[in-house]
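First up is the structure itself, then whatever we jot down about it.
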Amino acid sequence: MQNSIYWRGLPGHAKGACCSQHMDCLFVEREEKSANTQGVSGKVKERMQAAAGGTDGGARPMLLFPEGTTTNGEYLLPFKSGAFLAGAPVQPVLIRYGKGRVSPAWESIDVKWQIFLMMCSTHSVTAYELPVYIPSQDEKKDALLYAHNVREYMLSFQNYVPLRSSDSRLQDKRAYHTIVLGQGLVLKKGPVPFEGSPPSQVNKKLQ
């Protein structure tokens, strides 16, 4: 269970890539949901239940990013419930990138430029493994409650990674990118904690 900042590493785990096959990656389509598919949540639940029951054939532990998107590393967004449907214990991990000339969360530029700039600068990253969180009986029955409590648990470790809480979601991020790219979509009121402070013209549309 980990907060997510840098997303450009995902192409290295593209479906069919050698590293993804050796790491037992589970591939899902974000929008995939039909009568013939389990969707993201169903596949995650099945894998976690198999691991908890010892019937996963020795597969690697599942690494999940429950926010469902990335941030600038200063906020923790609401968690999706899919990672908690199995009611299995989870080990939260907090990651913190050191300050550099280029932010690993800078997503509104072309991927080639972002990778080039990242490779031209020095970065550090620290991962903090928190104690395993064992759900209560109430949390096992209520995935939303379980997700909320694990998020609050992670936010309590301010001495490791001083994260702030935000109620922004993926759709807010997509709308923000639309504004940054000059398409003029108006967002709801409130801060949009992605990639630092938005341009002044964006601030006006958020007020």
| field | Test side-chain hydrogen bond (donor to acceptor under 3.5 Å, both in side chains) applied to Y128 - qualifying residues, sequence neighbours left out | value | R96
| task | Please name all residues satisfying side-chain hydrogen bond (donor to acceptor under 3.5 Å, both in side chains) with T126, sequence neighbours left out, ordered by chain then number. | result | none
[X] versus [Y], closest heavy-atom pair with distance:
{"X": "A143", "Y": "S81", "answer": "CB-O, 3.9 Å"}
{"X": "L76", "Y": "M154", "answer": "CD2-CB, 4.1 Å"}
{"X": "S165", "Y": "R151", "answer": "OG-NH2, 2.9 Å"}
{"X": "E67", "Y": "L77", "answer": "OE2-N, 2.9 Å"}
{"X": "F79", "Y": "A147", "answer": "CD1-O, 3.6 Å"}
{"X": "S168", "Y": "P78", "answer": "O-CD, 3.3 Å"}

| Should V93 and L63 count as side-chain neighbours, where that means a heavy-atom distance under 4.5 Å? | no
Is there a chain of hydrophobic side chains (I, L, V, M, F, W, Y, each step under 4.5 Å between heavy atoms) that links [X] to [Y]?
{"X": "L64", "Y": "L145", "answer": "no"}
{"X": "F65", "Y": "L85", "answer": "no"}
{"X": "V150", "Y": "Y160", "answer": "yes"}

How far does [atom1] of [X] sit from [atom2] of [Y], to the nearest 0.5 angstrom?
{"X": "R169", "Y": "K80", "atom1": "CZ", "atom2": "NZ", "result": "6.0 Å"}
{"X": "F84", "Y": "L144", "atom1": "CZ", "atom2": "CG", "result": "10.0 Å"}
{"X": "Q91", "Y": "E129", "atom1": "CD", "atom2": "CD", "result": "4.5 Å"}
{"X": "L94", "Y": "F157", "atom1": "CG", "atom2": "CZ", "result": "8.0 Å"}
{"X": "L163", "Y": "E74", "atom1": "CG", "atom2": "CD", "result": "9.0 Å"}
{"X": "L155", "Y": "R164", "atom1": "CG", "atom2": "CZ", "result": "11.5 Å"}

| Backbone N or O of A86 within a donor-acceptor pair of the Y146 side chain at under 3.5 Å? | no
| field | Atom CD of Q158: over 12 foreign heavy atoms under 6.0 Å | value | yes
